Amino acid sequence: MIIGKSRREIEKMRAAGQLVGRVLEELRRMVAPGVTTIEVDRAAERMIRDAGALPTFKGYHGFPYSICASVNEQVVHGFPSNYILKEGDIFSIDIGATLEGFVGDTAITVPVGRVSEDRLRMIHVAEECLERAIRQCQAEKHLGDIGWAVQSHAEAHGYSIVREYVGHGIGRRMHEDPQVPNYGTPGKGVKIRNGYVFALEPMLNMGTHHTRVLKDGWTVVTADDQPSAHVEHTVAVTEEGPQVLTRVAKVEEKEPEIVVV
Ligand code: MG
């Protein structure tokens, strides 16, 4: 059953979304060669709790951490660890926070230092896919329109779309109905209505769309070990159009001071 949200509920979800979006922006700025993914996880948990919220992922079906940390060929659900990020890696950070009973869920894939052109391009196309999906979040459209918006753009650029993991409805619980696949047929699937809130999360692979799960029971990797990119926003369908609840302004990078001697 799909639970439509009132305007008041959407405003509460916006508060959760803005919180988690701001935390993710801080984490993005932390990412650099030499940083471990567990450090990013600890920073995430501290920032979420300091803001009076709860890290939604921690304990979810036994997941032990506050973020999913998925590097390179890892698609989603990676465990933060003592792995030291190195130049050329791409690092997906997925994070959820629960504030006053409502969940915000968002993810980015961050290049670590200088990254190869083909990896940067995949991240860029994943971000474009997400923007295209967001534009489909309007009453009277269908879930197949969202899926097709992602799939057609990814495949046109030579990337495959992960099938086994999909976006989802979101509200008081992180995973609500419906499932929101990143593939589909225009005009098919559930009809979208105002008040629906979705976590849209395209997952693009450079090689095969097939995946497997590591022995830890969580970490999803590509079947051919080629890299993968994952981005996510929580989006409300409203009479005014799609509203991206987790989008925050990027903090400007501080220019290095130039000292003339
Ligand atoms: Mg999600």
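We number each residue from 1, following the sequence as shown. For ligands, and for the atoms within them, numbers begin at 1 and follow the listed sequence. Predicted, not measured: the structure shown is a model, and the values here were computed from it.
- Its N, O or S atom nearest to the Mg ion (ligand 1) is what matters here, and for E201 that atom is OE2.
- For H168, the N, O or S atom closest to the Mg ion (ligand 1) goes by the atom name NE2.
- In this structure, H175 has its ring center closer than 6.0 angstrom to the ring center of Y60.
- Within E232, the N, O or S atom lying nearest to the Mg ion (ligand 1) carries the name OE2.
- In terms of distance to the Mg ion (ligand 1), the nearest N, O or S atom of D105 is named OD2.
- Checked against the 6.0 Å centroid criterion, the rings of Y65 and F79 qualify as a close aromatic pair.
- Side-chain contact of D105 with H168: a donor-acceptor pair under 3.5 Å is present, judged by distance alone.
- Distance check: M13 CE to T246 OG1 gives 9.5 Å after rounding to the nearest 0.5 Å.
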